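Written out below as structure tokens is the structure these notes cover.
Note that this is a predicted model, so its numbers are computed, not measured.
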Amino acid sequence: MSDKLNSRQLQSLETKNRIYEVALRKFTEKSLDEVTIASICKEAGVSVGSFYNYFDSKEAIIYENFRRADMDFTRFEQVDQEGQETLPLILDYMDYYISFVSAQDLNFIKHLYTTSNRYFVMPHRPMQEVLKTILRRRQVKVSPEFMESSDDLVDQLFMTARGVIFHWCLHEGRFNIRELARKHFLLILRGALIEEKER
């Protein structure tokens, strides 16, 4: 069976991507609540019925954005095979996350980083699971005074990242988020990774 898409499938994918791109652009201009499905459809040149063929709601577009970001992190499974040391690997991984966020429009990020965005706490997201799997496979040991497992370490890193991103939003993106995030990640990792404490 061929993996090639036929013209109808290509057109469908193009329509979905057009809706997605228009919606993301509109979310940078207004909050999710202020953007209507009708306005997205009008600008994308599709009917409201067509919108619902691809997305259940406006929130589903946000989830699609997160899903696409999550899938990007699978590239680190290959990096893990290249034998990079654990601390630099984790720092690179978390920097990739911060870089992805800071490359987005600031207003869009402000609309995402709120307590109403439950996607952040959804279990088994690839963004976190890839790093958890890598650390489990490497049998990374963490200091029991701080956490129970390497899974807890990953959760702590992502909680810290969200806090730094929120702080960056409050300050209108006026500081180097990657630099500040790295300092916080190093504080956690130097206290939590047993191999780092033994150096």
Side-chain angles (χ1 to χ4, degrees), residues 12-76 90-131 154-185 188:
S12 178
L13 188 59
E14 183 185 302
T15 302
K16 180 179 182 178
N17 283 332
R18 192 166 63 248
I19 294 168
Y20 173 78
E21 295 296 333
V22 166
L24 289 186
R25 189 170 60 253
K26 289 183 115 18
F27 296 154
T28 67
E29 299 161 1
K30 297 179 179 178
S31 72
L32 188 66
D33 291 336
E34 294 172 312
V35 176
T36 65
I37 289 173
S39 70
I40 294 168
C41 293
K42 182 177 180 183
E43 194 169 322
V46 300
S47 68
V48 172
S50 285
F51 176 94
Y52 286 107
N53 285 333
Y54 303 103
F55 301 102
D56 295 334
S57 63
K58 293 180 291 185
E59 290 77 8
I61 294 171
I62 300 296
Y63 293 157
E64 175 69 9
N65 181 262
F66 277 101
R67 188 193 67 76
R68 291 181 186 195
D70 279 350
M71 298 323 299
D72 252 6
F73 282 81
T74 58
R75 77 178 192 82
F76 278 90
I90 296 171
L91 287 172
D92 285 352
Y93 194 96
M94 296 309 298
D95 183 63
Y96 190 75
Y97 173 55
I98 296 295
S99 296
F100 170 80
V101 170
S102 63
Q104 309 291 316
D105 182 89
L106 180 61
N107 286 326
F108 177 64
I109 296 302
K110 285 179 177 180
H111 296 311
L112 285 184
Y113 281 76
T114 67
T115 55
S116 61
N117 186 347
R118 307 307 299 161
Y119 200 76
F120 287 128
V121 291
M122 285 178 69
H124 311 297
R125 284 187 55 206
M127 191 178 286
Q128 285 92 348
E129 287 303 311
V130 168
L131 185 55
V154 173
D155 291 339
Q156 286 289 325
L157 290 167
F158 275 91
M159 280 189 273
T160 300
R162 288 191 296 270
V164 170
I165 292 163
F166 185 74
H167 188 68
W168 181 69
C169 288
L170 289 174
H171 288 271
E172 301 295 328
R174 283 193 293 264
F175 61 82
N176 186 326
I177 187 173
R178 291 175 67 192
E179 215 172 83
L180 183 64
R182 186 179 180 85
K183 286 177 185 174
H184 284 276
F185 298 146
I188 293 169

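Applying the side-chain contact (heavy atoms from CB on, under 4.5 Å) test to D72 and every residue at least two apart in sequence or in another chain returns Y96. For the salt bridge (Lys or Arg N to Asp or Glu O under 4.0 Å) test, no residue two or more places apart in sequence or in another chain qualifies with K58.
The number of heavy atoms from other shown groups lying within 6.0 Å of CZ (F175) is above 12. Heavy-atom contacts from other residues, nucleotides or ligands closer than 6.0 Å to NE2 of H171 number more than 12.
Between I40 and A23, the shortest heavy-atom contact is CD1-CB, 3.8 Å. Residues V35 and K26 come closest through the heavy atom pair CG2-O, 3.7 Å. Considering every non-hydrogen atom in both I109 and C169, the closest pair reads CG2-SG, 3.5 Å. When all heavy atoms of F51 and C41 are compared, the pair lying nearest together is CB-SG, 3.5 Å. Contact between A161 and I98 at its shortest, heavy atoms only, is CB-CD1, 4.1 Å. The shortest heavy-atom contact between V48 and A38 is CG2-CA, 4.3 Å.
Between E21 and R18, none of the side-chain N atoms (NZ, or NE/NH1/NH2) sits under 4.0 Å from a carboxylate O, so this pair counts as no salt bridge. Between R182 and D95, none of the side-chain N atoms (NZ, or NE/NH1/NH2) sits under 4.0 Å from a carboxylate O, so this pair counts as no salt bridge.
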**Report entry** Criterion side chain to side chain contact (heavy atoms under 4.5 Å, CB included) on Q128 and Y97, from CA distance to verdict
**Finding:** CA-CA 10 Å; Q128 285 92 348; Y97 173 55; over 6 Å; no
request  = With side chain to side chain contact (heavy atoms under 4.5 Å, CB included) as the test, would you mind laying out the steps for R25 and V22 before giving the verdict?
outcome  = CA-CA 5 Å; R25 189 170 60 253; V22 166; 3.7 Å; yes
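The closest side-chain heavy-atom distance from F76 to D92 is below 4.5 Å. Y52 places a side-chain heavy atom less than 4.5 Å from the side chain of I37. Between F108 and I62 there is a side-chain heavy-atom pair separated by less than 4.5 Å.
The ring of F120 has its center closer than 6.0 angstrom to the ring center of Y113.
Applying the salt bridge (Lys or Arg N to Asp or Glu O under 4.0 Å) test to pairs two or more places apart or on separate chains, those with a residue in residues 98-113 are K110-E172.
A donor-acceptor pair under 3.5 Å links the side-chain atoms of Y93 to the main chain of M127, judged by distance alone.
Geometrically, R68 engages Y20 in a cation-pi contact defined by less than 6.0 Å to the ring centre and at most 45° from the axis.
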